[in-house]
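Some notes on the structure that comes next.
Counting convention: from 1, in listed order, for ligands and their atoms alike.
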Amino acid sequence: MSGSEDRRLILALDVYERERALEIAECTADYLWAVKVNWPLIIGSGLEIITELKQVTGLPIIADLKLADIPNTNRLIASKVFEAGADYIIAHGFVGSDSVDAVMGLGKTIIVVEMSHPGAKEFIQPATDKLIELANELEPFGVIAPATRPERVSYIRSKLKPGIKILTPGVGAQGGRAGDVLKAGADYIIVGRSIYASENPRKSARMLYAETLGV
Ligand code: XMP
């Protein structure tokens with residue numbers, strides 16, 4: 001295993017229980033760039049889980065709240081989440097630049113420009129070009145794009161300003177493949193069930209990490 005600068009794997013830790021979350025994070029941390037927490041874990045274990053995960057793993061924490069509210073509410077939520085130790089927050093772009101800007105004013109932000117599930121074709125995909133424009137204007141840390149559609153990741157990469165990272169959920173349980181999406185231009189892959197629901201999360205993380213090397 002090499003240094004953390006080579007790591008391109010993000011664990012989506014979508015379990016409810018605090019102890020299980022800490023155990024999985026600890027045993028996979030060697031292979032991860034960051035840990036992503038979403039509503040299931042925050043609802044099940046409280047916001048303090050962010051602080052605890054940071055202490056246990058020493059890794060950056062991404063809060064995948066997909067914030068989609070008016071600027072004031074986005075700001076109220078994001079300030080508590082950054083205060084708890086989150087390093088990045090994921091926000092929806094379709095609510096408009098003022099709502100995203102409210103989050104960006106508080107810390108590093110990742111904007112959803114397209115989603116990985118089939119229903120993303122109904123409303124989000126038709127708006128992707130405008131969401132990319134928004135990202136190019138605001139220059140967030142990164143954008144979320146679908147690992148389930150590598151051709152869309154290539155397209156998004158071709159339109160996005162250099163320097164803005166592409167993070168891609170959808171590898172494994174949703175059908176995406178690590179090599180394909182990294183070759184298409186993704187910087188990081190986000191993987192949940194294929195790691196946390198496997199019999200041996202450490203081994204699964206190690207195998208995915210190995211897949212990301214040399215792409
Ligand atoms: P699985 O178990 O499918 O988990 O590997 C994927 C994780 O990523 C989240 N997810 C998304 N987040 N845009 C996002 O911002 C997306 O298109 C998207 N698709 C999946 C999902 O909630 C889970 O935490």
Note the single closest protein heavy atom to [atom], along with its residue, its atom name and the distance in Å.
| atom | result |
| --- | --- |
| atom 13 (N) of ligand 1 | Ile144 CG2, 3.3 Å |
| atom 11 (C) of ligand 1 | Pro169 CG, 3.5 Å |
| atom 5 (O) of ligand 1 | Gly192 N, 2.8 Å |
| atom 19 (N) of ligand 1 | Ser116 OG, 2.5 Å |
| atom 3 (O) of ligand 1 | Arg193 NH2, 2.8 Å |
| atom 23 (C) of ligand 1 | Asp14 OD2, 3.0 Å |
| atom 6 (C) of ligand 1 | Gln174 NE2, 3.9 Å |

Numbered atoms of ligand 1 (with element) below 4.0 Å of [X], judged on heavy atoms:
| X | result |
| --- | --- |
| Ala12 | 7 (C), 24 (O) |
| Val191 | 5 (O) |
| Lys66 | 11 (C), 12 (N), 13 (N), 14 (C), 15 (O), 22 (O) |
| Val112 | 15 (O) |

Does Thr73 use its side chain to pair, donor to acceptor, with the backbone of Asp69 at less than 3.5 Å?
no

So, does Ser116 use its side chain to make a donor-acceptor pair with the main chain of Pro146 at under 3.5 Å?
no

Students often mix this up, so state it plainly: with edges at 30° and 60°, are the rings of Tyr209 and Tyr31 parallel, tilted or perpendicular?
tilted

Can you classify the ring geometry of Tyr188 versus Trp33 as parallel (below 30°), tilted (30 to 60°) or perpendicular (above 60°)?
parallel

For Leu41 and Tyr16, the nearest pair of non-hydrogen atoms, with its separation, is CD1-O, 3.9 Å

Got a salt bridge between Asp14 and Arg193, using NZ or NE/NH1/NH2 to carboxylate O under 4.0 Å?
no

For the 3.5 Å polar cut-off, considering only N or O atoms, please tell me whether Asn38 and ligand 1 meet it.
yes

Does ligand 1 have an atom under 4.0 Å from some heavy atom of Lys36?
yes

With salt bridge (Lys or Arg N to Asp or Glu O under 4.0 Å) as the rule and sequence neighbours excluded, what pairs involving residues 142-158 come up?
Glu114-Arg149, Glu114-Arg152, Arg157-Asp187

With sequence neighbours left out, write down each residue that passes ring pair (Phe, Tyr, Trp, His ring centres under 6.0 Å) with Phe94, or none if nothing qualifies.
His92

Answer whether the closest heavy-atom distance between the side chains of Thr57 and Leu32 falls below 4.5 Å.
no

